[in-house]
There are 2 protein chains.
Amino acid sequence: MKQRGGRVEAIYAGLRLAILEQVLEPGTKLPEDTIGEQFGASRTVVRRALELLASEELIEFRLNRGAAVCKPTLEEARDLFSVRQEIEQLVVRRLCGRLTRAQLKRLHAQIDLEDAAHKNGHNAYIRHAAEFHLALAEMTGSQLLARYMRQLVGRSALVLGLYGRPRWTDCSVQEHRDLVASLADGNIALVEKLMHHHLEAVLTRAIETAGKDKTGGLRDLLAPYAEAAKAT
Amino acid sequence: MKQRGGRVEAIYAGLRLAILEQVLEPGTKLPEDTIGEQFGASRTVVRRALELLASEELIEFRLNRGAAVCKPTLEEARDLFSVRQEIEQLVVRRLCGRLTRAQLKRLHAQIDLEDAAHKNGHNAYIRHAAEFHLALAEMTGSQLLARYMRQLVGRSALVLGLYGRPRWTDCSVQEHRDLVASLADGNIALVEKLMHHHLEAVLTRAIETAGKDKTGGLRDLLAPYAEAAKAT
DNA sequence: CATGGACAAAGTGTATACAAAAATGATGAG
DNA sequence: CTCATCATTTTTGTATACACTTTGTCCATG
């Protein structure tokens with residue numbers, strides 16, 4: 001017995017990454033033995049990892065039917081983004097004009113990562129973009145804001161994976177660059193506007209488009225309603 | 001074996017209540033067997049309940065040393081209240097002038113509960129006051145805001161229990177009444193000001209006073225630092 | 001008398017066993 | 001051919017056993 005508590009963390013991190021990068025799509029079942037076999041751990045420790053993910057609402061438990069990757073409804077998605085708008089505003093208001101040179105450097109480096117991943121078409125792009133927003137929250141020094149942002153970007157990735165079309169990520173990198181530039185300048189009004197538009201744009205590129213594009217998005221879009229109708 | 005998933009919820013709810021009403025004080029150890037014996041459940045199910053509480057940061061796990069009620073540091077307390085200020089502002093901005101008659105009725109009823117508990121000196125007062133803020137968040141219709149508020153008021157109760165003096169609750173009831181009145185009027189500026197002052201007042205009555213009152217508060221105030229020094 | 005280390009007691013971390021529930025698939029009636 | 005019913009299989013929910021860590025005590029030793 002390897003008496004190390006780090007193993008649940010490892011499984012948690014692995015599964016979380018797989019969900020954020022959309023390797024595990026919403027709705028995917030997560031049987032405990034299968035995962036345990038993969039990671040070489042018993043169901044006990046797998047379950048703990050799953051419960052961590054459930055506390056972030058990335059997966060959900062159904063009674064006696066195990067865990068599955070969450071499928072947020074459209075309503076939940078709208079709630080998520082409206083709250084995220086407000087939290088992100090709190091973050092940039094705290095940061096505007098107060099970023100150190102080292103922090104700016106870190107942000108630029110993060111954006112470069114996004115850029116590289118984006119050009120390679122790698123699905124790690126989603127994660128890097130999420131980490132940019134998380135980095136901003138962490139720079140406020142508030143553990144709580146960082147914690148909330150971590151959950152928000154995680155859940156956002158889920159929503160974008162569900163309702164977004166394949167190439168929803170266009171242009172987002174430049175928006176990040178503009179945002180950091182304005183944060184450095186300390187132009188609070190512009191920063192708030194940029195962040196607002198950035199998040200609106202992400203949402204538009206994802207959800208709104210999904211409604212019009214019938215090829216891939218609509219099917220997933222309607223799936224929750226179909227299931228709801230079947231349940232009642 | 002009673003195959004009901006509701007048992008972990010029951011233990012979770014019971015422990016949470018005990019913590020919020022300060023029956024279980026910060027620092028109290030929570031041995032799994034003891035709790036399991038009390039609630040008539042095995043360690044497995046107790047552990048799940050404890051992990052739920054840990055995800056709200058009401059308790060914390062120390063490696064190989066089990067769970068204990070959290071003792072937020074002063075820094076964490078300040079972070080908590082500064083973020084809570086901002087979240088509560090988001091809540092009242094969403095509600096101002098939009099409360100239905102039924103909602104107002106519910107809020108008044110909630111305040112009456114506080115009042116009654118307060119006059120009886122009952123420690124249930126803390127919980128009722130917390131539920132008032134939670135009720136506001138729920139009325140926004142945002143699941144996320146409600147969720148965050150639930151965590152925030154829970155953790156606040158912990159902080160107030162740690163750093164607050166015995167009679168820190170004075171006058172808070174009237175502040176709640178004034179707040180609801182302004183919400184009904186739709187006077188957004190006044191509402192924001194009242195909520196801000198209310199939370200500041202709670203903090204002042206608790207933390208600030210603790211620093212000046214050397215009889216009980218200061219000891220607890222310094223305890224975290226003493227432990228931190230011992231650890232390093 | 002203080003200090004340090006061995007030992008015992010308590011309690012956690014993990015694996016595993018077993019019962020109940022759900023998913024699956026086969027069988028038969030209409 | 002379709003649908004319902006029932007047995008089988010899979011998987012979860014919970015209890016329990018065991019190993020390891022921590023912690024407190026006591027005794028030997030400087």
Side-chain angles (χ1 to χ4, degrees), chain A residues 1-15 18 24-55 57-71 223 226-232, chain B residues 1-15 18 24-25 27-55 57-71 223 226-228 230-232:
Chain A
M1 182 197 309
K2 300 171 193 170
Q3 187 83 3
R4 286 185 53 246
R7 281 197 304 162
V8 324
E9 294 294 330
I11 297 177
Y12 162 77
L15 289 178
L24 296 175
E25 291 175 21
T28 308
K29 280 207 64 180
L30 301 168
E32 295 173 1
D33 337 12
T34 310
I35 297 170
E37 217 168 303
Q38 276 287 328
F39 286 86
S42 81
R43 283 180 54 210
T44 309
V45 62
V46 170
R47 187 170 259 271
R48 286 190 60 181
L50 290 178
E51 268 151 31
L52 281 179
L53 291 167
S55 76
E57 294 188 295
L58 286 179
I59 71 174
E60 67 181 345
F61 279 101
R62 293 108 89 215
L63 184 63
N64 283 322
R65 300 205 282 127
V69 180
C70 273
K71 280 178 124 161
E227 284 200 358
K230 191 163 52 182
T232 52
Chain B
M1 183 197 307
K2 300 171 190 170
Q3 188 80 1
R4 285 185 53 246
R7 281 198 301 165
V8 324
E9 292 294 330
I11 298 176
Y12 161 77
L15 289 178
L24 296 175
E25 292 176 22
T28 309
K29 279 206 63 178
L30 302 167
E32 294 173 1
D33 326 7
T34 310
I35 298 170
E37 218 169 302
Q38 276 287 328
F39 285 86
S42 81
R43 282 181 55 210
T44 309
V45 58
V46 171
R47 187 171 259 271
R48 285 192 60 180
L50 290 178
E51 268 151 31
L52 281 178
L53 290 167
S55 76
E57 295 189 295
L58 287 178
I59 71 174
E60 68 181 345
F61 281 101
R62 292 109 90 211
L63 184 64
N64 283 321
R65 301 205 281 128
V69 180
C70 274
K71 280 178 123 163
E227 284 199 358
K230 191 163 52 182
T232 53

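Only heavy atoms go into these numbers, but all of them, side chains included; no hydrogens, no water, no symmetry mates. Numbers restart at 1 for each chain; the letters A, B, ... are given by sequence-line order, proteins then strands.
Considering only the side chain of A:Thr44, C:dA15 comes nearest among C:dA15, D:dT12, C:dT14. The B:Pro31 side chain lies nearest to C:dT12 when the options are C:dA15, C:dT12, D:dG13. Considering only side-chain atoms of B:Arg48, the nucleotide from D:dT12, C:dT14, D:dT14 that sits closest is D:dT14. Of all nucleotides listed (D:dT14, C:dT14, D:dT11), C:dT14 comes nearest to the side chain of A:Ser42.
D:dA15 atom C1' lies 18 Å from atom CZ of B:Phe39, rounded to whole Å. Rounded to whole Å, the distance from CD on B:Glu51 to P on D:dT14 is 13 Å. The distance between atom CG of B:Asp33 and atom P of C:dA10, rounded to the nearest whole Å, is 11 Å. When the C1' atom of D:dT16 is taken as reference, atom CD of B:Glu37 falls 15 Å away, rounded to whole Å. At whole-Å resolution of the value, CZ in A:Arg47 and C1' in C:dA15 are 14 Å apart. When the P atom of C:dG11 is taken as reference, atom CZ of B:Phe61 falls 16 Å away, rounded to whole Å. What separates CZ of A:Arg62 from P of C:dA21 is a distance of 18 Å, to the nearest Å.
Nearest heavy-atom pair across A:Lys71 and A:Gly27 is CG-N, 3.7 Å. In plain terms, the two heavy atoms of A:Tyr12 and A:Ala49 that are nearest each other are N-CB, 3.8 Å.
One finds the CD1 atom of B:Ile35 at 8.0 Å from the CG atom of B:Leu24 (value rounded to the nearest 0.5 Å).
Of the residues near DNA chain C, A:Lys29 and B:Glu32, the one whose nearest nucleotide (by heavy atom distance) lies more toward the 5' end is B:Glu32.
Counting non-hydrogen atoms of neighbouring residues, nucleotides and ligands closer than 6.0 angstrom, the CD atom of B:Glu60 exceeds 12 such neighbours.
Counting only residues at least two apart or in different chains, side chain to side chain donor-acceptor pair (under 3.5 Å) contacts with residues 33-43 of chain A comprise A:Glu32-A:Arg43.
With hydrogens and angles ignored, a donor-acceptor pair closer than 3.5 Å exists between the side chain of A:Arg43 and the base of D:dG13.
Screening B:Leu15, B:Ile11, B:Val45, B:Leu58 for a side-chain contact (heavy atoms from CB on, under 4.5 Å) involving B:Leu50 leaves a single residue, B:Leu15.
Side-chain contact between B:Glu51 and A:Leu52: absent, with no pair of heavy atoms (C-beta onward) separated by less than 4.5 Å.
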What does the list of N/O pairs under 3.5 Å between the protein and nucleotides 22-25 of chain D look like, with a distance for each?
{"residue": "D:dT23", "atom": "OP1", "partner": "B:Arg65", "partner atom": "NE", "Å": "3.3"}
{"residue": "D:dT23", "atom": "OP1", "partner": "B:Arg65", "partner atom": "NH1", "Å": "3.0"}

